[in-house]
Engineer: 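Following this message is one structure expressed as C-alpha cells.
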Amino acid sequence: MTDRWVPTTSHWGAYQAAADSDGGVRVAPHPDDPVPSPLLGNVAGSARHATRVARPAIRRGWLESGPGPSAGRGAEEFVEVDWDTALDLVAAQLDRVRNESGNESIFGGSYGWSSAGRFHHAQSQLHRFLNTIGGYTASKHNYSFGTSQVLLPHVVGSISSVLGYADSWETIRENTDLIVAFGGLSTKNLSVTPGGVTLHTGAASAADPGVQVAAVSPLGADVPARGRWYSIAPGTDVAVQLALAHTLLAEDLHDTAFLERYCTGFDVVAAYLRGESDGVAKTPEWAAEICEIPADDIRELAREMAAGRTLVNVTWSLQRTEHGEQPVWAGILLAAMLGQIGLPGGGFGHGYGSMAEMGDSGPLLKLPTLSQGANPVREFIPVARIADLLLSPGQTYRYNGQTRTYPDIRFVYWAGGNPFHHHQDLTRLRRAFARPETVVVHETHWTATARHADVVLPATTTLEREDLGAGRRDTHLTAMHRVLDPHAEARDDYLIFAALADRLGARQAFTEGRSPRGWLEHLYETWRESLRERGHQVPDFDRFWELGRLELPAVDEQPPLRRFRQDPEANPLHTPSGRIELFSATVDGFGHPDCPGHPVWLRPRRTTGGPLHLIANQPPTRLHSQGDVGATSLESKVDGREPITLHPADAAARGIAEGTVVRIFNDRGACLAGARLSERVRPGVVVLPTGAWFDPQPDPKRDGATMCAHGNPNALTDDLPSSELSQGCAGQHARVDVERYDGPLPPVTTRTPPPLRPA
Ligand SMILES: Nc1nc2c(c(=O)[nH]1)N[C@H]1C(S)=C(S)[C@@H](COP(=O)(O)OP(=O)(O)OC[C@H]3O[C@@H](n4cnc5c(=O)[nH]c(N)nc54)[C@H](O)[C@@H]3O)O[C@H]1N2
Ligand SMILES: Nc1nc2c(c(=O)[nH]1)N[C@H]1C(S)=C(S)[C@@H](COP(=O)(O)OP(=O)(O)OC[C@H]3O[C@@H](n4cnc5c(=O)[nH]c(N)nc54)[C@H](O)[C@@H]3O)O[C@H]1N2
Ligand SMILES: [Mo]
C-alpha cells in the first residue's frame with residue numbers, strides 16, 4: 001500500500017493514484033492529459049465497493065449436489081470457502097472433464113476486456129493456463145467489430161490494412177476537406193483504447209476535426225460541434241451509401257481509372273446500382289423512402305464528396321447490426337469510386353468516433369506480450385455464438401463459407417469478461433448457462449456473470465498489483481505501481497492459475513518459475529532487446545520502474561494501402577485478385593443468403609418487437625459494465641435506473657415525463673429505466689446504453705417472465721447474428737415499446753453482494 005502518488009493506467013487512460021487513510025484510493029488525471037476521461041470518476045468508488053468479491057464462493061447446489069446442469073445458477077445463495085477448498089474442487093473437475101470427454105468440452109473463450117496491463121490480462125492468463133493442461137474450445141473475433149473481422153479479409157485482404165494504420169487526426173486536418181461520418185463521430189467513446197491511452201488528444205479532434213463533417217446518425221449527440229446532422233432512420237445507412245454511389249455513377253463523378261487499376265468487380269456493382277440486376281435503380285429518391293433523408297440532400301452530398309479530399313468513415317456500431325457487413329462494404333465502394341483510397345486523409349475509415357486509437361498518432365509498436373502458448377484443441381466458435389454453443393451441442397451452423405458443428409461443453413471457465421453484460425437476449429443466456437456441469441468465474445466484483453457461476457474466485461484489481469501498461473497507438477509505456485493491498489482474500493488471476501496448474505502437474509509450464517515481478521522484468525527486458533535490434537534504446541527495467549513511464553520510440557511504417565496505391569503489382573492486397581474486391585467471387589460462392597457477393601441493401605428480417613427503434617450503444621459513463629458502482633455512472637442514474645433517452649413527442653404520446661421510471665418491453669423481455677427527454681434524438685428512436693448491471697427479477701406484467709429492474713438493454717436484444725458469413729454480434733439495435741411504470745418500484749439489487757453464507 002502506498003500513500004504516495006504513483007503512476008498507473010487503465011483502458012480509459014493513464015492516471016495517478018494514492019491510497020487514502022481509510023484503505024481506499026484517491027485518483028488524479030495524468031498531469032499532461034489534455035482531456036482526462038470522465039470514466040476516471042468511477043475508480044475510487046469501485047475500488048473497495050461492497051460488491052467486491054471478498055472470498056472464494058461456491059453456489060450451494062453445486063457444493064452440496066456436485067456438478068451438473070442447474071437452473072439454480074443466478075438464483076441460489078453462495079457458500080464462502082477457503083482457497084484450498086475452492087482450488088481443490090476446481091482442479092478436480094477440470095481433471096475429470098478433460099479425462100472423460102477431452103479438453104474440447106472446456107469452453108475457455110472467456111471474451112471480455114478485463115483490465116489494462118500487459119501481464120495480468122485475465123483472458124490471456126486463462127488461455128495460457130488452459131493451454132498448459134491440454135487446451136480448450138476457444139472463441140474467435142470480438143464483439144466490437146467481429147463482422148468486419150470476417151468481411152474485410154475478403155474485400156481488402158486484411159483487417160489491419162484498414163484498422164491498424166488509420167491516418168492521424170493531424171493528417172486529416174492537413175489533407176481532408178470532408179468527412180462523411182456514418183454513425184457520426186461520438187466523442188463519448190474516445191477516452192477508451194484497449195490497454196489505455198496516455199494522452200487523450202483524439203477526443204478534442206473528434207469534437208472539432210477542423211474540416212467539414214457530414215454526420216449521418218439518428219442521434220444529435222454523435223454530431224461534432226460544427227458538423228451537419230443528417231438524421232437517419234436507424235439501420236438504413238446502406239440505402240444512403242448506395243444512392244450516393246448511384247449519383248457518382250449517374251453524374252460521371254466516379255474515378256474510372258482507380259476502379260480499373262485497383263479494384264475488381266465494379267461492373268457487377270454498377271449493374272446493381274443502375275437496377276439492371278434487380279429492376280430497382282438505387283437513386284436518391286429510392287433511398288429517401290427508406291432512410292428518410294431528402295433525396296436532394298443525398299445528391300448534393302455526393303457532389304460535395306467528389307469535389308475534394310473525402311474520408312468515408314463507418315463507425316463500428318453500424319456493423320454491430322443485422323446485415324452489418326453491408327454498410328462497411330458499401331463504405332469501401334464509395335471510397336473506391338472517389339478514387340482516394342491510399343491517399344492521406346482520404347479513402348475509407350472504420351472506427352473514427354469508435355475508439356481513441358483511431359486517429360491517435362503514437363507509434364505502431366509491438367508491446368511487451370505474455371505468450372499464451374499453443375492450444376492443442378482446434379474447436380472454436382465465432383464469439384457471439386456463446387448461447388447457441390451451450391444450448392445446442394451437435395447442431396450445425398454456417399460460418400464464412402463453412403458448415404461447423406457445436407461441440408458439447410461441460411465446463412465453462414470465464415476470467416475478465418462479463419457475458420451477462422455483453423451478450424444479447426440475457427433471458428436466453430440464462431437458459432444457456434444452466435446447461436454445463438460447472439461454471440467457474442474469476443471476478444473482482446459481484447457482476448451478473450459471477451452471480452451465474454458455481455465457483456467464484458476473487459481477483460485483485462490493477463490497483464492491487466504491479467504491471468506494465470500501454471494501448472495501441474499509445475505514446476507511452478506506464479509502470480503500473482501497486483497502490484492498495486489486495487482486497488480481503490483476493491488473489492491475482494496469475495497466482496490463482498499457478499495454484500491450479502500446481503494441482504494439475506503443470507506448475508513449471510505455466511509459471512516458468514517466475515514471480516509476478518519476475519515476469520514483468522522478463523517481458524520488459526525481452527521487449528527491450530527486440531527494440532535494441534531495431535536500433536531503439538530504452539532504459540533497463542529498474543530505471544523504467546523508477547521513472548514510472550517511458551516515451552515509446554517513433555517507428556515509421558508506410559500504411560499498406562499507401563504502398564498498394566503506389567504500386568499495386570509490387571504490393572498487392574491479400575485478396576484473390578490482389579485488389580479491392582467490390583464484388584467477391586469467394587463470398588458470392590459461399591451462397592450465404594444474408595451476405596451476397598457485393599454490397600446490397602437488404603431489408604431487416606426483424607421488424608417485430610414494438611414501434612420504437614432501440615439503440616443500445618456504448619455508455620458515456622462507464623466502460624461497458626465496469627465501474628457501474630462508481631460515481632460517474634451512479635450520478636447519471638434516474639431513480640437508481642439507467643437513463644433511457646426519448647424524443648419529447650414519443651414521451652408525450654405515452655404520458656412519460658422527464659424523470660419518469662419506464663418499462664421497456666418486447667417479445668423477448670423487459671427492463672426498467674429512467675426517462676430523459678431530448679430533441680436531439682430522432683422521433684421513433686430511443687437510446688439505452690449498455691452496461692447497467694443486469695438485475696433479473698419477476699416481471700409483474702408477465703407471468704413467469706423476468707424483467708431487469710436496473711436497465712440493461714440486453715434484456716431486450718435479439719440473439720441473432722449479423723449474418724451467416726460472420727456470425728457477428730448484432731446487439732446495437734432492437735425493436736421495443738416503452739410505457740410508464742406505475743407499479744411499486746422493485747429495488748435495484750446489484751449494488752450489494754448476493755446472499756452469502758459462511759461455510
Ligand atoms: N446490446 C449491445 N451489447 C453489446 C454491445 C452493443 O453495442 N450493444 N457492445 C459489445 C462490445 S463492443 C463489447 S467490447 C462488449 C464488452 O463486454 P465485456 O468486455 O465483457 O464487458 P466489461 O464490462 O468490460 O467486462 C469485463 C469484466 O472483467 C472484470 N475484470 C476487470 N479486471 C479484472 C481482472 O483483473 N481479473 C478478472 N478476473 N476480472 C476482471 C470486470 O469486473 C468486468 O466484469 O459488450 C458488447 N455488448
Ligand atoms: N465511454 C465509453 N467509450 C467506449 C466504450 C464504452 O463502453 N464506454 N466501449 C469501447 C468499445 S469496446 C467499442 S467496440 C467502441 C464502440 O464504438 P461504436 O460501436 O462506434 O460505438 P457506439 O456508441 O455503440 O455507437 C456509436 C454511434 O452509432 C450510432 N448508430 C447506431 N445505430 C446506427 C445506425 O443504424 N445508423 C447510424 N448512422 N448511426 C447509428 C449511435 O447513435 C451511436 O451513438 O467504443 C469504445 N468506447
Ligand atoms: Mo467493443
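From a predicted model like this one, the values you see are computed outputs, not experimental measurements. Atom set for the values below is all heavy atoms of this structure, side chains included, hydrogens, waters and symmetry mates excluded.
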Engineer: Taking all non-hydrogen atoms of both residues, which atom of Gln558 and which atom of Arg563 are closest, and how far apart?
Structural biologist: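 Of all heavy-atom pairs spanning Gln558 and Arg563, the closest is O-NE, 3.4 Å.
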
Engineer: Ring centroids only, cut at 6.0 angstrom: are His624 and His422 within range, meaning strictly under it?
Structural biologist: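 That pair fails the under 6.0 Å test.
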
Engineer: Treating Trp229 as the side-chain partner and Ser217 as the backbone partner, does any N or O pair qualify as donor plus acceptor under 3.5 Å?
Structural biologist: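 Here the side-chain-to-backbone pair exists.
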
Engineer: Sequence neighbours excluded, which residues qualify as side chain to side chain contact (heavy atoms under 4.5 Å, CB included) partners of Leu367?
Structural biologist: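 Once residues adjacent in sequence are excluded, the partners of Leu367 under the side chain to side chain contact (heavy atoms under 4.5 Å, CB included) criterion are Arg118, Ala470, Leu552.
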
Engineer: Please determine whether a side-chain nitrogen of the Lys or Arg among Arg173 and Glu170 lies less than 4.0 Å from a carboxylate oxygen of the Asp or Glu.
Structural biologist: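 Glu170 and Arg173: not salt-bridged.
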
Engineer: If a pair satisfies ring-ring contact (aromatic ring centres under 6.0 Å, His included) and one of its residues is in residues 561-581, list it, with sequence neighbours excluded.
Structural biologist: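 Applying ring-ring contact (aromatic ring centres under 6.0 Å, His included) to every pair that reaches into residues 561-581, excluding sequence neighbours, yields Tyr262-Phe564.
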
Engineer: Keeping Asp718 on the side-chain end and Leu720 on the backbone end, is there a donor-acceptor pair under 3.5 Å?
Structural biologist: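 Side chain of Asp718 to backbone of Leu720, a donor-acceptor pair under 3.5 Å: no, none is there.
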
Engineer: Under 4.0 Å between a side-chain nitrogen and a carboxylate oxygen: does that hold for Arg534 and Glu529?
Structural biologist: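 Judged by the 4.0 Å cut-off on N to carboxylate O distance, Arg534 and Glu529 do not form a salt bridge.
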
Engineer: Hey, would you say the Tyr272 and His246 ring centroids sit under 6.0 Å apart?
Structural biologist: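 Aromatic pair excluded; centres sit 6.0 Å or further apart.
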
Engineer: Assess the side chains of Thr198 and Asp474: does a donor N or O sit below 3.5 Å from an acceptor N or O?
Structural biologist: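 Result is yes, a qualifying pair exists.
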
Engineer: Would you say the side-chain atoms of His421 and Asn714 include a donor-acceptor pair closer than 3.5 Å?
Structural biologist: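 Side-chain D/A pair, His421 to Asn714: absent.
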
Engineer: Evaluate the salt bridge (Lys or Arg N to Asp or Glu O under 4.0 Å) criterion for residues Glu357 and Arg473: first the C-alpha distance (whole Å), next the side-chain angles of each, then the deciding distance (0.1 Å), finally the verdict.
Structural biologist: CA-CA 6 Å; Glu357 67 186 284; Arg473 308 304 301 256; over 6 Å; no

Engineer: Could you check whether Arg404 makes a cation-pi contact with Phe380, meaning its NZ or CZ is under 6.0 Å from the centre of the six-membered ring and within 45° of the ring axis?
Structural biologist: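 Flagged: Arg404 positioned over aromatic ring of Phe380.
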
Engineer: So, Trp414 versus Phe107, ring centres under 6.0 angstrom or not?
Structural biologist: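 Ring-ring flag for Trp414/Phe107: true, centres closer than 6.0 Å.
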
Engineer: For Ser584, is there any backbone N or O sitting under 3.5 Å from a side-chain donor or acceptor partner on Asp588?
Structural biologist: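 Pair absent, no side-chain N/O of Asp588 close to backbone of Ser584.
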
Engineer: Hydrogens and angles aside, do Glu322 and Ser722 bring a side-chain donor and acceptor to less than 3.5 Å of each other?
Structural biologist: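 Looking only at side-chain atoms, Ser722 and Glu322 do not form any donor-acceptor pair under 3.5 Å.
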
Engineer: Any side-chain donor-acceptor pair under 3.5 Å between His423 and Tyr143?
Structural biologist: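 Judged by distance alone, the side chains do pair up.
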
Engineer: With a 6.0 Å cut-off on the ring centroids, do His11 and Trp113 count as close?
Structural biologist: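 Yes, they do, as the ring centres are separated by less than 6.0 Å.
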
Engineer: Considering non-hydrogen atoms only, spot the tightest contact between Gly731 and Thr717 and give its length.
Structural biologist: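 Where Gly731 meets Thr717 most closely, the heavy atoms are O-CG2, 3.4 Å.
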
Engineer: Distance alone, cut at 3.5 Å: any donor-acceptor contact between the side chains of Glu104 and Tyr136?
Structural biologist: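 Per modelled atom types, Glu104 and Tyr136 side chains form no pair under 3.5 Å.
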
Engineer: Would you say the side chains of Glu581 and Ser577 form a donor-acceptor pair under 3.5 Å?
Structural biologist: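 Yes - a donor-acceptor pair under 3.5 Å links their side chains.
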
Engineer: Report yes or no: do Asn400 and His592 form a side-chain donor-acceptor pair below 3.5 Å?
Structural biologist: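 Result is no, nothing qualifies.
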
